[in-house]
Protein chains: 2
Amino acid sequence: MRLVVARCSVTYEGRLAAHLPEAIRLIMVKADGCVAIHADGGAYKPLNWMNAPNTMVEHADRWEVFNPKGERLLITMHEVLSDESVALGVDPGLVKDGVELHLQVILAEKPWVLEEGLNLMRREYPTDLGPVDLMCTDRYGALVAVEIKRRGELDSVEQLTRYLDRLNLDPRLRPVRGILAAQAITPQARLLAEARQIDTVEVDYDGLREAESTELRLF
Amino acid sequence: MRLVVARCSVTYEGRLAAHLPEAIRLIMVKADGCVAIHADGGAYKPLNWMNAPNTMVEHADRWEVFNPKGERLLITMHEVLSDESVALGVDPGLVKDGVELHLQVILAEKPWVLEEGLNLMRREYPTDLGPVDLMCTDRYGALVAVEIKRRGELDSVEQLTRYLDRLNLDPRLRPVRGILAAQAITPQARLLAEARQIDTVEVDYDGLREAESTELRLF
DNA sequence: GTGTATATCTCGGGG
DNA sequence: CCCCGAGGTATACAC
């Protein structure tokens, strides 16, 4: 990784046009070639950047970075204050726990917490618009598509609606109804779901996880 | 801005739990207090981070970063290889051109480029599912909801459909039709829009901007 | 503050 | 390769 502190101005031309007036900034060049220009604030997002793969041409007074899509980043160097390189090696990577997948696994084991009599048929049931999180049958044997989210918002209802439209085109499946399950559901999403006859269920993730570990302790 | 290169391991506990095994990384601390841990690859996004506002406590062998939401970032320092600070000053900030807002402003001034006789009634017209970009009247006085995008894709059609459904529930407004305006519209979006009687218009942003600056020069 | 939409979103998975 | 969905999304903007 190369770290350059410089008084510079920057122009980006690509998906939009953007310009940075002259100021002192940190320019980070990673081993994969990606370039990021950081100010001393504004969360972790750089002011300007160019991801790999790209080509960098270093002139005396400016850097030009191109990528295959025709985007272009031009850094004009007015004064280089420092320029250091350090070898970091390959990173072993990030281990995560507690994302949507976890909630899906728990609900796949106990779909009846969403509705009495609900039974799992299959997880990640494929449609040609993407997979339904849980495909279940209800107490009467009818099909129910369940979409699981951490937060249920308008987009979630749209997504489930698309799946339902698709599934209900198939006479062997029809009728399929939907349930949106999330730890929290916005009133607007609830409104839209209701208008489309989609049920909404708020799920207590922490409670379920607790119950799960209690069962593990019992056996 | 402070730049520390260190062999470290990291734990985050907050909206999820995440862990980074021991490796050499760059730790960036900005003037606003935000902390970002970078590997030598993977675009501009850090492996782990904690945005401002937060509190950092620096112990001999570890850094603890907390934020008011109860999230926690723990950096265990196994070996500090370098630790430098540099003053960057306040950044004048990024100037952008070509995002959706600009297109919206231009089209609000000249809605008739979308359709002859179109007249602006109101920008950001509210519905209970979100705001319509432009609410217009057509040459016959009927209402037209315009959704503006840089790129018109399936989601854009869904979004406009949602608004139209909502607006057409109101007998004082009905009937309201829709126009999707974008610099480019995918064939799939065009197809879906057509199936829903929604008009699509591709807009020449550069041409409009050019026309706008010409007018400015004339007056 | 809440809620919605945008983003040069980034990133990863599946066809 | 593109498409789609998730994200500790972050960020801006309107109400």
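Each chain gets a letter, A, B and so on, in the order the sequences are listed, and its residues count up from 1. In what follows, every heavy atom counts, from backbone to side chain, and hydrogens, waters and symmetry copies are set aside.
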Stacking check A:W49 vs C:dT8 (5.5 Å / 30 deg): yes
Verify whether one side chain among B:Q197 and B:R177 offers a donor that lies under 3.5 Å from an acceptor in the other. no
Between CD of A:Q188 and CG of B:L129, what distance do you get to the nearest 0.5 Å? 7.0 Å
Roughly how far apart, to the nearest Å, are C:dG14 and D:dG8 at atom C1'? 25 Å
Taking only side-chain nitrogens and oxygens of B:K45, does any of them come within less than 4.0 Å of OP1 or OP2 of C:dC11? no
Gap in Å between the two C1' atoms, one belonging to C:dT8 and one to D:dA14, rounded: 24 Å
Look at the side chain of B:H19 and the backbone N and O of A:L94, then say whether any donor-acceptor pair between them is shorter than 3.5 Å. no
Just to confirm, is there a sub-4.0 Å distance from OP1 or OP2 of C:dT4 to any side-chain nitrogen or oxygen of B:Q159? no
Any idea how B:Y44 and A:Y44 line up, ring-wise: parallel (<30°), tilted (30 to 60°), or perpendicular (>60°)? tilted
Short side-chain N/O contact to D:dG8 OP1/OP2 from B:N48, under 4.0 Å: no
Expressed as a whole number of angstroms, how long is the span from B:L16:CG to D:dG8:C1'? 5 Å
Assign each of B:Y44 and B:R162 the nucleotide of DNA chain C bearing its closest heavy atom; nearer the 5' end lies the nucleotide of B:R162
Please determine whether a side-chain nitrogen or oxygen atom of A:R15 lies at a distance below 4.0 Å from atom OP1 or OP2 of C:dA7. no
